K.L.:
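Below is a structure I'd like to ask you about.
Computed from a predicted structure; not experimentally measured. The residues of the chain are indexed from 1 along the displayed sequence.
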Amino acid sequence: MTDAKILIVEDEGIEALDIQHRLMNLGYSCPVIALSGEEAIKLTEDTSFDLVLMDIMLHGEVDGVWAAKQIMSSYGIPVIY
């Protein structure tokens with residue numbers, strides 16, 4: 001099992017759980033799920049993630065592109081769309 005901390009940002013719960021389970025099957029410790037861009041930004045304030053997997057189209061005021069820019073510029077965490 002790898003110690004990499006991964007944040008999954010996906011507003012479709014079933015999709016997020018599928019990604020989480022696939023990562024766990026690959027040996028990653030339980031990735032954290034954020035259901036919105038706002039939640040993703042808040043989580044990165046509190047946790048030092050190694051990678052963010054970001055959905056571009058998110059429900060709410062903050063889309064994935066804007067959230068990714070905030071996370072990369074404020075915390076230097078790499079983001080994959």
K.L.:
If I compare all heavy atoms of A34 with all of L43, which pair ends up nearest, and what's the gap?
P.N.:
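The answer is CB-CD1, 3.8 Å.
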
K.L.:
Find out if a path of hydrophobic residues (ILVMFWY) with successive side-chain heavy-atom gaps under 4.5 Å connects V9 to I41.
P.N.:
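They do share one cluster, since a chain of ILVMFWY contacts under 4.5 Å joins V9 to I41.
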
K.L.:
Please tell me whether V32 and L35 are part of a single hydrophobic cluster in this structure, the criterion being side-chain heavy atoms less than 4.5 Å apart.
P.N.:
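They do not share one cluster, since no chain of ILVMFWY contacts under 4.5 Å joins V32 to L35.
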
K.L.:
Please name the pair of heavy atoms, one in S36 and one in L58, separated by the smallest distance, quoted to 0.1 Å.
P.N.:
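Where S36 meets L58 most closely, the heavy atoms are C-CD1, 4.1 Å.
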
K.L.:
CD1 of I14: more than 12 outside heavy atoms within 6.0 angstrom?
P.N.:
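At most 12 heavy atoms, drawn from other residues, nucleotides or ligands, come within 6.0 Å of this atom.
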
K.L.:
Suppose we screen for side-chain contact (heavy atoms from CB on, under 4.5 Å). Which residues come up paired with L23, at least two apart in sequence or across chains?
P.N.:
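L23 satisfies side-chain contact (heavy atoms from CB on, under 4.5 Å) with I6, I8, I19, Y28, P31, L53 once adjacent residues are dropped.
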
K.L.:
Scan for side-chain hydrogen bond (donor to acceptor under 3.5 Å, both in side chains) pairs involving residues 41-57, sequence neighbours excluded, and state none if there are none.
P.N.:
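Matches after skipping sequence neighbours: none remain.
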
K.L.:
Can you name the closest pair of heavy atoms from G37 and A67 and give their distance?
P.N.:
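G37 and A67 have their closest heavy atoms at CA-CB, 3.9 Å.
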
K.L.:
Report all side-chain donor-acceptor pairs from residues 74-81 shorter than 3.5 Å, counting only partners two or more places apart or in another chain.
P.N.:
| from | atom 1 | to | atom 2 | distance (Å) |
| --- | --- | --- | --- | --- |
| S74 | OG | Q70 | O | 3.1 |

K.L.:
When you group the ILVMFWY residues by side-chain heavy-atom contacts below 4.5 Å and let the links chain together, are V62 and M54 in the same group?
P.N.:
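Yes, same cluster.
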
K.L.:
Check the hydrophobic clustering (I, L, V, M, F, W, Y; side-chain heavy atoms under 4.5 Å; chains of links allowed) and say if L17 and L26 are grouped together.
P.N.:
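Yes: a chain of side-chain contacts under 4.5 Å links L17 to L26.
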
K.L.:
Looking at every non-hydrogen atom in both residues, tell me the closest pair between E10 and A16 and how far apart they are.
P.N.:
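Looking at all heavy atoms of both residues, the closest pair is CG-N, 3.6 Å.
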
K.L.:
Of all heavy-atom pairs between S29 and A4, which one has the smallest distance, and what is that distance?
P.N.:
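In terms of heavy atoms, the two residues are closest at OG-O, 3.7 Å.
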
K.L.:
Starting at CD of Q20, measure out to CG of N25 and round the result to the nearest 0.5 Å.
P.N.:
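Atom-to-atom, Q20:CD and N25:CG are 10.5 Å apart.
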
K.L.:
Determine whether F49 and L51 fall in the same hydrophobic cluster, where Ile, Leu, Val, Met, Phe, Trp and Tyr are linked whenever their side-chain heavy atoms lie under 4.5 Å apart.
P.N.:
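Per the 4.5 Å side-chain linkage, F49 and L51 are not co-clustered.
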
K.L.:
Scan residues 14-37 for pairs that pass salt bridge (Lys or Arg N to Asp or Glu O under 4.0 Å), counting only residues two or more places apart or in two chains.
P.N.:
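The answer is D18-R22.
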
K.L.:
side-chain hydrogen bond (donor to acceptor under 3.5 Å, both in side chains): which pairs involve residues 57-69, sequence neighbours left out?
P.N.:
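Matches after skipping sequence neighbours: D11-H59.
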
